[in-house]
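One structure below.
In each ligand, atom 1 is the first atom listed, and ligand 1 is the first ligand listed.
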Amino acid sequence: MSDSPRTEIEEKVKAFLDFNSQFSGRRTVIITSGGTTAPLERNTVRFIDNLSTGNRGASSAESFLRVERGDVSYSVIFLHRKSSALPFMRHFAVLSGSSGASFLDFDESSGVIQVVSDENLKSALRDRKRAESERRLLEISFESVEDYEIVVSSSCQAASSLGNELMFFSAAAVSDFYVPSDSMAEHKIQTSGGGMKMNLHPVPKFVGKVRKGWATEAYVASFKLETDVSLLEQKSKNSLSSNEVHVVIGNTLKDRYEKVTLFTLQGIGVIEKQGVSPIKQGVSPIEQELVSWLVDAHTKHIESS
Ligand code: PAZ
């Protein structure tokens, strides 16, 4: 029986990696996905949140799970915000949306509810079941930024024995500011005092901690989101040098599913696909091309170190 969340995560990750180690050419990617919350109270009623849906991380996980290059394949440790998009299952969100009923049929005599045949759903379900039966997908959830620190540090430390065969792919939108639990109100903050001022502390850059301590030999890809496109290049380059990651993938809020810019020490590259959305398409072309680029970069990293 585990004595802490850290031990529990480390045990899960080690058992997963142990199983996957029997397959030659099998690499592992740790993906972070979705936004973190910054709670304002220990018995949390209110929290600061952000926009991330988890679609970028989930569709990238799908692309990693589909990689078959000679004997190279990936197992995926998917660290995700609770209730954000999950690999392959995200396609089934259409069933609970406003057009959901058009995907469903009900047979009165047998009482069976059926999903109307749909190619995207069929291949998503097939690939999900395959990833599960091959034990190539491990999902671990987080909610707050403090949970995030625990799941990322424990998973990376448990997987660091993979050395350069490990990739860390940080697509999560991690809170920039938070209230540390030791200075947080215990109960729901009362409104009777009128307005209020709150002291938010900066959150450490976890991706830098992965590079410099938690998994130093891993190939590390991180994302940088901006809303002002004129800031993107400089902010991405700053992140590349201060966190010492291998690539920073820059994107802007409004066209994040159509264009990403890759910043490395060797130069800048762009992947652009007009008019696509990972939510509407079975396979998202932008994540597919991005993952293909990352697999090549990971191969070079392995060969050169
Ligand atoms: O999760 P999502 O698909 O809605 O959005 C993806 C994203 C914008 C969160 C991701 O591409 C990203 O840029 N993550 C890093 C955000 C940041 O901390 O700058």
Quick one: does Gln234's side chain have a donor or acceptor within less than 3.5 Å of a partner on Leu231's backbone?
no

Donor-acceptor pair, distance only, cut-off 3.5 Å: does the side chain of Glu139 make one with the backbone of Phe78?
no

Should you measure from each heavy atom of Thr53, which atoms of ligand 1 turn up under 4.0 Å away?
1 (O), 2 (P), 3 (O), 4 (O)

Near Asn55, which atoms of ligand 1 are under 4.0 Å from a heavy atom of that residue?
1 (O), 3 (O)

Would Gly54 count as being in polar contact with ligand 1, using the rule that some N or O on each side must be under 3.5 angstrom apart?
yes

Below 30° counts as parallel, above 60° as perpendicular, anything between as tilted: where do the rings of Phe206 and Trp214 land?
parallel

Out of Ala85, Ala173, Ala171, who is nearest to atom 7 (C) of ligand 1 when you count heavy atoms only?
Ala171

What do we get for Ser33 next to ligand 1 when only non-hydrogen atoms under 4.0 Å count, side chain, backbone, both or neither?
neither

Look at the side chain of Asp296 and the backbone N and O of Trp293, then say whether any donor-acceptor pair between them is shorter than 3.5 Å.
no

Give a yes or no on whether the backbone of Gln114 and the side-chain of Asp105 come within a donor-acceptor separation of less than 3.5 Å.
no

Are any of the N/O atoms on Leu51, whether in the backbone or the side chain, positioned under 3.5 angstrom from an N/O atom of ligand 1?
no

Could you tell me which residues satisfy side-chain contact (heavy atoms from CB on, under 4.5 Å) with Leu290, sequence neighbours excluded, listed by chain and number?
Phe169, Phe223, Ile249, Leu262, Ile271, Leu294

Suppose the criterion is side chain to side chain donor-acceptor pair (under 3.5 Å): which pairs have a residue in residues 241-250, not counting sequence neighbours?
Ser239-Asn243

N or O contact, Lys224 vs ligand 1, cut-off under 3.5 Å:
no

Which atoms of ligand 1 are found less than 4.0 Å from any heavy atom of Arg256?
2 (P), 4 (O), 5 (O), 6 (C), 8 (C)

A student checking ligand 1 against Arg56 at a 4.0 Å heavy-atom cut-off should list atoms 3 (O), 6 (C), 11 (O)

